[in-house]
Structures are given as structure tokens and as C-alpha cells.
Participant: 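Below is the structure I would like to discuss, written out as C-alpha cells.
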Amino acid sequence: MLKLPEKDLVFLVKENYDLIAVAFFSVAITYVLSKTWRRASGVDHGEGIPGSLGLPFVGETFSFLSATNSTRGCYDFVRLRRSWYGKWFRTRIFGKIHVFVPSTEGARKIFSSDFADFNKGYVKSMADAVGQKSLLCVPQESHKRIRRLLSDPFSMPSLSKFVSKFDQMLSQRLKKVAEVGKSFMVLDFSMKMTFDAMCNMLLSISDESLLRGIEKDCTAVSDAMLSFPVMIPGTRYYKGLKARQRLMETFGGIIAKRRNGTEHQDDFLQSMLQRDSYPSSEKLDDAEIMDNLLTLIIAGQTTTAAAMMWSVKFLDENKEAQDNLREEQLVIGKNKGEGYSLALEDLNGMSFGLKVVKETLRMSNVLLWFPRVALNDCTIDGFEIKKGWHVNIDATCIHYDPELYKDPLQFNPSRFEEMQKPYSFIAFGSGPRTCLGMNMAKVTMLVFLHRLSSGYMWTVDDMDSSLEKKAHIPRLRSGCPITLKAFS
């Protein structure tokens, strides 16, 4: 008999209002007519992949959204089904069949066949939020051109300038919160830091009022990325798309000022507008510029800020790793001299710091899985995949595989002293869609770890491990509050 958990019903009513009455009426009719639904048995062995597809179209969407709205996080949906069916399983979410791929061999085949046999796959709400011309959503014929033109802010000359500015900004803000002497949330601190740094690099925005307005709207867009895609006032999806509309107007206004000569800056946007007279293959149109500005800001802020927060938590739980990191960073600071600023070349000497970054990304999994859509029928690890199915490379499962990482639940940066098996560390993906901001994320985290560990001791003031609700990446609900104490 069909029986949805009470928490699912409460969540859906709260989020989708009167749509739920219509939805459940339709579900009830579908249930009565359906003779093939096998939820009671727990396993559907079609095509050899275990799992339950649930009701037509609806599938297990409600359970997925319920997990997203819980303090266990959306990956609890995956974790639970893996306990039922094993590492490989399939499900239906938002009307699409999803297969979770848990192996390095599966990751290799999919990543290496991007564009040929697989394409990027996102749920509708995510594509609607960032825009159809975002690098995350465009088809193959546009992807290479847009990626090439977006690469400039992530080149080494640009990163060198970014490191200097970010180090100066971070040093000032850490000093300020330490002087106040009160507990503060690392997540909020790092979210604001990375957001301001990205807006400065991309758009040269420093006005506090404008920054906070854009940040508020970007947060609403981010919140809408894993929501039920219906335009009903009050829902996350509705609020997110309205916020997106305001952001496009803001970006459009900035572009207009640049073009009429009332404003000129040395930044990413200016470099794009300087291509106005170039052939179409060598420039981005305004919609492409604006969708990707939004994508870069959200992606650059949320993932890196979350990783910075997790690094503080993990280092607090492993004092030996914290001591080893601090020893390395103090040597770098001593060699630079009093009042120094970090340069890009200084980061090359942070070998243990880089291991901390990698281990943080392995354990935190700020990108839980990498979604793709099969363009053709194929076989992965002996399992048949049908054309049109969504295949999710499960980075979390791979990163926590005890056959790949000894004691995977233990934070141990030194494990990266050894060569890792190919496709066992995929925090940034792989292949032609490797994360464009990979190097920026690394240098941002290294600068943060340097200034934090070489200048301060800290205590975590709330050890609650519950996750933030509705977030599409894992973040502590507490925000990881800490109190800093500067070295005398």
C-alpha cells in the first residue's frame, strides 16, 4: 500500500501549497491504475540494476526533496538506497531515471567519453536557476567556445593578481574578528569572503550595498537549484527565479555603463566586452556573459566557502595534522618577513597545505556527484545503461571506498603522499568538463589555511554535525562557529 513518510508530506505541503493537492490526487489515480509498481518488494531488477523507479514520473522525487530538506542532507537519499540495493542502484527523480555509478572504472568511462557518449545532466530547477547559456548547461557545440573564452580569469597571470588581493582582504578580516574576540561562523565568514573576492575579480564591485544586494539574490538562486520546479509564489523555485531576473537586470545595467563609456574597469567583464567587434566564434553574447557571471559567482563562492569551513572542522578534530600544517606555514611566513603579502609562488612551498586541501575535498565532497546523460545505449561495469538515462558519477561513494582509501572516515592529509589510483580523487571532475575554477579553489584555500594556521589558534564552539537544510552542497547547520586567538 502507498504510504509516504509524514515528514515528506509536511515538507511538500509547506513548499508547494495547493499544488500538493493536485499532485497527490494524480498520484492516487496513477497508483490505482498501475500494476507494475513494486515498492513493497524493494527491488526492481530491470536491466540488471537494482532499485525502485516508484510511480510514473513522480518516482522517488518526494523522498529526494525530503532528504534535501533534512539535517542529514540530500546524500542521505543515496546512502539509504545503497544500504537497500548495494553500490549500484537506479531511481526516478523529477521524471528522469537516474543511475548512481560508484566505481573508478565507471568514472573513467563516463569522464573520458564526455560529449561522445555522455552529456551534462542537471535537474530542471538547476538549469533554470543558472540559465540556459551557462557553461553548466550549454550543448557541446557551444561548450568548448564558452569554456575557452571564460578561461582568462583562471589563468596563472590572473591568479597571481587574485592571490595578492585575496590575501590582503583575508588578513584584514581575520584580524578584525580576532580583535572582537567573539565567536563567529566560519561558513558565513568564508561565504562573504569568497563572494566579495569573486565579485571584485569579475566585476570590480566594491560598493557594500550593491554587494550585499547581489549576494542576497545569488543566495536565493542557489537555494532554488534543488527545488520543485513550479512557479508558485513563496516557493524556493519562485523566489530563485525572481532573484535571477533581478540579477540579470543588475548585470545588464553594468554592461550598459561599460559600453557607453561611463565606467571602465580592468576585470573579467571588461575583457569580455572588448571582444564586441570580434567574430561570433571569438566572443560571448550578452546572455552568455550574464548567465556565466552568475554561474562563476555562485560556483566560486558556495563550493570553496564550504570547503574552507570543513577544513577548520577537520583540522580541529586532528591536532597532529593541524600542528604539521602550522609548522609548514610558520616557516613560510618567517622566510617572507614581517608585514609580508603572499604571492602565487609562495603557495608552491605549501606541500602539506595542498594535502590538507585534497583531504578536505575528499571528505567533504562539496560536489556529491557528477551528473551526465547517456547519449547512446552503453554498458558500464557490466550494467546496461539506456540512452536518455541520467548517470551520476558518485564522487562521495568513491572517496569513501575503503578499498581506495584506508580508514576513509579518518582525516589524514598524509595519505596523499602516495600516488592515488586513477579516478579515485575526482573532487574537480575530470576530462573536458574538469572544473574551470579548480586552480582558483586551491589557491583560495591555501591562502586561507596559511593565514589561519600561521596567525591564530582556534576553538570550535559547536560540535553539532547536522547539515544545513535545503543546501545542494553539504554544509554544517551550525556554520562551524569558532573563536580565534592571535599569536602574541
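The chain is numbered in sequence order, starting from 1. Keep in mind that what you see is a predicted model, and the values were worked out from it rather than measured.
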Participant: Hey, are D267 and S204 close enough side-chain-wise for a donor-acceptor pair under 3.5 Å?
Facilitator: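 There is such a pair (donor and acceptor under 3.5 Å, judged by atom type) between the side chains of S204 and D267.
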Participant: Of all the heavy-atom pairs spanning A441 and T304, show the shortest one and how long it is.
Facilitator: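 Scanning both residues completely, I find the closest heavy atoms to be CB-OG1, 3.9 Å.
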Participant: Spell out, as yes or no, whether a donor-acceptor pair under 3.5 Å connects the side chain of T434 to the backbone of G431.
Facilitator: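 Present.
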Participant: Any side-chain heavy atom of L53 sitting closer than 4.5 Å to one from R90?
Facilitator: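 Yes, close enough: below the 4.5 Å cut-off.
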Participant: Can you see whether S134 engages T295 through a side-chain donor-acceptor pair at a distance of less than 3.5 angstrom?
Facilitator: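 Looking only at side-chain atoms, T295 and S134 do form a donor-acceptor pair, the distance falling under 3.5 Å.
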Participant: Can you tell me if T61 uses its side chain to pair, donor with acceptor, with the backbone of F94 under 3.5 Å?
Facilitator: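 Yes, the answer is positive, given that a donor and an acceptor are paired below the 3.5 Å cut-off.
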Participant: Charged N to carboxylate O under 4.0 angstrom, R244 versus D291?
Facilitator: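 Answer for the salt bridge query: yes.
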Participant: Taking K239 first and then D223, would you say they form a salt bridge - that is, a charged N and a carboxylate O separated by under 4.0 Å?
Facilitator: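 Looking at D223 together with K239, the answer is no, because their closest N to O distance does not fall below 4.0 Å.
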Participant: Quick one: does any side-chain atom of S66 pair with a main-chain N or O of S63 as donor and acceptor, under 3.5 Å?
Facilitator: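 No; judged by distance alone, with no hydrogens or angles, the pair does not exist.
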Participant: Would you say the side-chain atoms of E317 pair up with the backbone N or O of Q410, donor to acceptor, closer than 3.5 Å?
Facilitator: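 Absent.
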Participant: Looking at Q301 and T194, would you say the former's side chain and the latter's main chain have a donor-acceptor pair under 3.5 Å?
Facilitator: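 No.
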Participant: Quick check for you: to the nearest 0.5 Å, what is the distance between L202 atom CG and Q270 atom CD?
Facilitator: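 Reported value, rounded in 0.5 Å steps: 13.0 Å.
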Participant: Would you say the side chains of R236 and N69 form a donor-acceptor pair under 3.5 Å?
Facilitator: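 R236 vs N69: no donor-acceptor pair found between side chains.
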Participant: Taking the cut-offs as 6.0 angstrom to the six-membered ring centre and 45 degrees off its axis, would you call R372 and F370 a cation-pi pair?
Facilitator: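 No, a cation-pi geometry is absent between R372 and F370.
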Participant: Check whether any side-chain heavy atom of K120 sits under 4.5 Å from a side-chain heavy atom of V373, and report yes or no.
Facilitator: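 No - every pair of side-chain heavy atoms lies 4.5 Å or more apart.
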Participant: Out of K144, H143, R145, which residue meets the side chain to side chain contact (heavy atoms under 4.5 Å, CB included) rule with V138?
Facilitator: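 When side chain to side chain contact (heavy atoms under 4.5 Å, CB included) is applied between V138 and each of K144, H143, R145, only H143 qualifies.
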Participant: Rounded to the nearest 0.5 Å, how far does CD of E60 lie from OG of S52?
Facilitator: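 Reported value, rounded in 0.5 Å steps: 4.5 Å.
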Participant: Could you walk me through whether V447 and L347 satisfy the side-chain contact (heavy atoms from CB on, under 4.5 Å) test, starting with their C-alpha distance in whole Å, then the side-chain angles of each, then the deciding distance to 0.1 Å, before giving a yes or no?
Facilitator: CA-CA 8 Å; V447 172; L347 308 188; 4.2 Å; yes
Participant: Between the side chains of D394 and Y400, does any donor sit under 3.5 Å from an acceptor?
Facilitator: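 D394 vs Y400: no donor-acceptor pair found between side chains.
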Participant: Are any non-hydrogen side-chain atoms of F314 and V356 less than 4.5 angstrom apart?
Facilitator: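 SC-SC contact between F314 and V356 ruled out.
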Participant: Between D401 and K406, is the salt bridge (charged side-chain N to carboxylate O under 4.0 Å, His left out) condition met? List the steps.
Facilitator: CA-CA 8 Å; D401 188 340; K406 181 180 178 182; over 6 Å; no
Participant: Please lay out, stage by stage, how I93 and T91 fare under the test side-chain contact (heavy atoms from CB on, under 4.5 Å).
Facilitator: CA-CA 7 Å; I93 307 173; T91 183; 3.9 Å; yes
Participant: Decide yes or no for C218 and I298: does some side-chain heavy atom of the first lie under 4.5 Å from some side-chain heavy atom of the second?
Facilitator: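 Yes. Closest side-chain heavy atoms under 4.5 Å.
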Participant: Below 4.0 angstrom, N of the basic side chain to O of the carboxylate: do R415 and E359 qualify?
Facilitator: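 Yes, this pair counts.
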Participant: First locate atom CG of L80, then atom CZ of F89, and finally report the distance between them rounded to the nearest 0.5 Å.
Facilitator: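 Nearest 0.5 Å value for the CG-CZ distance: 9.0 Å.
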Participant: Is there a side-chain contact between N376 and F118, using heavy atoms and a 4.5 Å cut-off?
Facilitator: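 Answer no - side chains too far apart.
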Participant: Got a second to check how far F166's CZ is from M193's CE, nearest 0.5 Å?
Facilitator: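 Going from CZ on F166 over to CE on M193, the span is 4.0 Å.
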Participant: Any chance NZ of K96 has more than 12 other-residue heavy atoms, nucleotides or ligands included, within less than 6.0 Å?
Facilitator: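 Check fails, neighbour count at 12 or below.
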Participant: Can you see whether S103 engages D381 through a side-chain donor-acceptor pair at a distance of less than 3.5 angstrom?
Facilitator: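 The answer is yes; a qualifying pair exists.
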Participant: Can R362 be said to sit on top of Y405's aromatic six-ring, NZ or CZ under 6.0 Å from centre and within 45° of the ring axis?
Facilitator: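 Output yes; distance and angle both within limits.
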Participant: What pair of heavy atoms forms the shortest contact from C137 to G131, and how long is it?
Facilitator: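 Heavy atoms of C137 and G131 come nearest at SG-O, 3.7 Å.
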Participant: Do E288 and M272 have side chains that approach each other closer than 4.5 Å (heavy atoms only, starting at C-beta)?
Facilitator: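 Of all side-chain heavy-atom pairs linking M272 with E288, none is under 4.5 Å.
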Participant: CG/D217 to CE/M248 distance, rounded to the nearest 0.5 angstrom?
Facilitator: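 Reported value, rounded in 0.5 Å steps: 10.0 Å.
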Participant: Before you tell me yes or no, could you show the steps for C397 and R82 under side-chain contact (heavy atoms from CB on, under 4.5 Å), namely the whole-Å CA-CA distance, both residues' side-chain angles and the distance that decides it to 0.1 Å?
Facilitator: CA-CA 10 Å; C397 183; R82 187 158 283 131; 3.6 Å; yes
Participant: Output, in order, the C-alpha distance, side-chain angles, deciding distance and verdict of salt bridge (charged side-chain N to carboxylate O under 4.0 Å, His left out) for D117 and K387.
Facilitator: CA-CA 9 Å; D117 296 316; K387 178 180 178 180; over 6 Å; no
Participant: For atom CD of E403, is the number of surrounding heavy atoms from other residues, nucleotides or ligands below 6.0 Å larger than 12?
Facilitator: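 Result for CD/E403: open.
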Participant: With rounding to the nearest 0.5 angstrom, report the CG to CD1 distance, L296 to I289.
Facilitator: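 It comes to 11.5 Å.
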Participant: With the side chain counted from C-beta on, respond yes when L367 and T303 share a heavy-atom pair under 4.5 Å apart, and no when they do not.
Facilitator: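 Side chain of L367 against side chain of T303, heavy atoms only: contact under 4.5 Å found.
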Participant: Which heavy atom of A224 sits nearest to which heavy atom of G240, and what is that distance?
Facilitator: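 Heavy-atom minimum between the residues: CB-CA, 3.7 Å.
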Participant: Is D285 salt-bridged to K133, going by a charged N under 4.0 Å from an acidic O?
Facilitator: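 Result for this pair is yes, salt bridge flagged.
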Participant: Any side-chain heavy atom of R81 within less than 4.5 Å of one from W84?
Facilitator: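 Yes - at least one pair of side-chain heavy atoms lies under 4.5 Å apart.
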Participant: Given side-chain contact (heavy atoms from CB on, under 4.5 Å), test K87 with F100 step by step and report yes or no.
Facilitator: CA-CA 8 Å; K87 283 189 173 182; F100 282 79; over 6 Å; no
Participant: Assess, by modelled atom type and distance only, whether the side chains of N365 and Y75 contain a donor and an acceptor separated by less than 3.5 Å.
Facilitator: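 No, no side-chain donor-acceptor pair sits under 3.5 Å.
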